[in-house]
2 protein chains.
Amino acid sequence: MARIEARNNALGFRPLYRQARDILVSRINDGTWQAGQAIPSEMEIAADLGISPGTARKALDEMEAENLVVRHQGRGTFVARHDDARIIFQFFRLTPDTGEREFPSSKFVGIDVRPASPDAAKILKLRSGSRVLQLERVRSLSGKAAIVETITLPHALFPAAEKLDLPNNLYELYRAKFGVTIARSTEKLKAVAAKRREAKHLGVAIGTPLLAIDRTAYSLDGRPTEWRVSLCRTDTFHYLSDLK
Amino acid sequence: MARIEARNNALGFRPLYRQARDILVSRINDGTWQAGQAIPSEMEIAADLGISPGTARKALDEMEAENLVVRHQGRGTFVARHDDARIIFQFFRLTPDTGEREFPSSKFVGIDVRPASPDAAKILKLRSGSRVLQLERVRSLSGKAAIVETITLPHALFPAAEKLDLPNNLYELYRAKFGVTIARSTEKLKAVAAKRREAKHLGVAIGTPLLAIDRTAYSLDGRPTEWRVSLCRTDTFHYLSDLK
DNA sequence: CAGTGGTCTAGACCACATG
DNA sequence: ATGTGGTCTAGACCACTGT
């Protein structure tokens, strides 16, 4: 169907399996294959793209390593969903000191559309002054307010989102309603003192040390798509980081 | 040389390439292949183990993903060194807010051998009361004191280490002098208020929010080998975490 | 049983580094 | 020119899931 050139020696050599990966990713990206659905078998993909099964398999190996697909022996290969537990915990690292990892609940305390601040414009690569959607929420773990969070999104990518009933799992919303899949993110962590606003929301004294997480999240096409600043109390929680 | 059984169907099936990986890892672990050295070519390994080159390659793929070896097209495969920049930054995530990542300098301020605290014994899986080596140091980035660090090691694994001249890069020391290779680690992060001791070392006011990093590091054989608590000022630095 | 992904093999050729 | 790792192919068989 979509034959790939094997050789492109001049200055840029892209392996066949990576070209194949890009084609398969674009089919997820453009909605041809929806989250949770099975994609064609390795043999079919190989035939479609005019490559050998081993090469198609290597493309899928990469996509599995990137958490874009999930494979089940004997069943097939499926587009990853953001509500699979392991995908959620890919991004959510705050954990109770005792007990199991847990998905937080959310209460939105602010939703509005405004011109992008210089910081927001820079991080999201927007023209300064273009409109952004700003969400504020308080998240709880084990029934205890743990996180005060400000989320900034390009309004052009999420039109009229401010009129929706916002769910707990935003990344699943981005995908389902706006066709935006968050693939990876970068977080910068600092320790800061609680100011009046967050102290009130979290029920701690002003000046209490909080963990500030400054996250930029990137969609499948590699563009920065969400800016999120989270202030977390860490008296009974911690941020878990595995270095491999 | 060391033939592997292909089939072991009864209740535990271990792929050939993983059995091969384990054999290769043990050769790094026992010092047969030293850090920085080239290991035999894929063809030689395949012949040695009585497997096909593709299977040997897959074993090496895994080891490369685990940062145990580094491959260079046309040159060969080499045992990873902890002084390779990318291996250092695998574990050291504190970064100046402006500018490039940088390796910190160290000044040791305390070295002694003592009975393990209950916490230390639990984390390092030691009998309570067995002896541990405890190191304290202050680390600087861009010439500015940034981290106060307490490192706890099983004394039995690092005999007479307290008499050595301790270098900046401890993981390279562990490997070179004691044959212990640190392969991965887990970090728990919290925001805490500076107490008198760390405030003095870092030149900040008591009560300043600091980032506390509680790291347990595991050696090649999977056993907890080092416990490290780092208190970091994050006014001009941040902890970088990539979520993929 | 058929169909899927997972493992393993065997060999050809390409890209890169070194002598 | 040689040897290394990297890519690609083609096919066999194994393990698992559903019908």
Side-chain angles (χ1 to χ4, degrees), chain A residues 2-24 33 36-80 84, chain B residues 2-24 33 36-80 84:
Chain A
R3 289 296 152 114
I4 311 172
E5 284 187 41
R7 297 285 152 268
N8 40 3
N9 270 344
L11 224 84
F13 170 67
R14 256 184 116 54
L16 242 192
Y17 68 83
R18 183 148 297 136
Q19 299 176 50
R21 185 208 85 106
D22 292 345
I23 291 176
L24 300 181
W33 296 328
Q37 284 186 345
I39 72 176
S41 74
E42 298 177 349
M43 289 297 290
E44 288 176 288
I45 288 173
D48 260 19
L49 301 182
I51 59 183
S52 86
T55 304
R57 159 163 281 267
K58 192 155 185 179
L60 291 168
D61 282 344
E62 281 210 341
M63 295 171 68
E64 185 177 36
E66 295 173 279
N67 289 310
L68 298 181
V69 298
V70 179
R71 296 199 274 191
H72 295 290
Q73 185 172 159
R75 295 209 283 134
T77 302
F78 302 81
V79 180
D84 288 344
Chain B
R3 289 294 153 116
I4 311 172
E5 284 186 41
R7 299 285 150 265
N8 40 0
N9 271 345
L11 224 83
F13 170 68
R14 259 186 112 57
L16 244 191
Y17 67 82
R18 183 148 298 135
Q19 298 176 52
R21 186 208 84 105
D22 292 346
I23 291 175
L24 300 181
W33 297 328
Q37 285 185 346
I39 70 176
S41 74
E42 298 177 350
M43 290 297 291
E44 289 177 286
I45 289 173
D48 259 20
L49 301 182
I51 59 183
S52 87
T55 303
R57 160 164 281 267
K58 193 155 183 179
L60 291 169
D61 282 345
E62 281 209 342
M63 295 171 69
E64 184 177 35
E66 295 173 281
N67 289 310
L68 299 180
V69 298
V70 178
R71 296 200 274 189
H72 295 290
Q73 184 172 164
R75 294 209 285 138
T77 302
F78 302 82
V79 180
D84 289 343

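In what follows, every chain begins at residue 1, and chains take the letters A, B, ... in the order their sequences are listed.
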Grab the CE-P distance between A:Met43 and D:dT9 for me, whole Å please.
13 Å
Along DNA chain D (nearest heavy atom to each residue), the more 5'-positioned of A:Thr55 and B:Glu44:
B:Glu44
If I take atom CD in residue B:Glu42 and atom P in nucleotide C:dA10, what distance separates them, rounded to the nearest angstrom?
16 Å
CG of A:Leu60 versus C1' of C:dT7: gap in Å, rounded?
16 Å
Whole-Å distance separating the CD1 atom of B:Ile45 from the P atom of D:dG3:
17 Å
Please compare A:Arg75 and A:Tyr17 by the position of their nearest nucleotide in DNA chain D and report the one closer to 5'.
A:Tyr17
Of the candidate nucleotides C:dT7, D:dC8, C:dG5, which contains the atom at the shortest distance from the side chain of A:Leu16?
D:dC8
What pair of heavy atoms forms the shortest contact from B:Ile45 to B:Pro40, and how long is it?
CD1-O, 3.5 Å
Can you see which heavy atom on B:Ala56 is nearest to which on B:Glu42, and at what distance?
CB-O, 4.0 Å
Kindly point out which of C:dT7, D:dT9, C:dA10 is positioned nearest to the side chain of B:Ser52?
C:dA10
Matching residue for B:Phe78 among B:His72, B:Arg71, B:Gln37 - test: side chain to side chain contact (heavy atoms under 4.5 Å, CB included):
B:His72
Between D:dC8, C:dC16, C:dT7, which one does the side chain of B:Gln73 approach most closely?
C:dC16
Rounded distance (Å) that lies between atom P of D:dA10 and atom NZ of A:Lys58
17 Å
Lys/Arg N to Asp/Glu carboxylate O, B:Asp61 vs A:Lys58, below 4.0 Å:
no
Reported CG-to-CG distance for the pair B:Leu24 and B:Leu49, which is rounded to 0.5 angstrom:
6.0 Å
Rounded off to whole Å, could you give me the CG-to-P distance for the B:Leu49 and C:dC8 pair?
12 Å
Measure from CG on A:Asp61 to C1' on D:dC8 and round the result to the nearest Å.
14 Å
Could you tell me how far apart A:His72 (NE2) and D:dG18 (P) are, to the nearest whole angstrom?
10 Å
Which nucleotide in D:dG18, C:dT4, C:dG6 has an atom nearest any side-chain atom of A:Arg71:
C:dG6
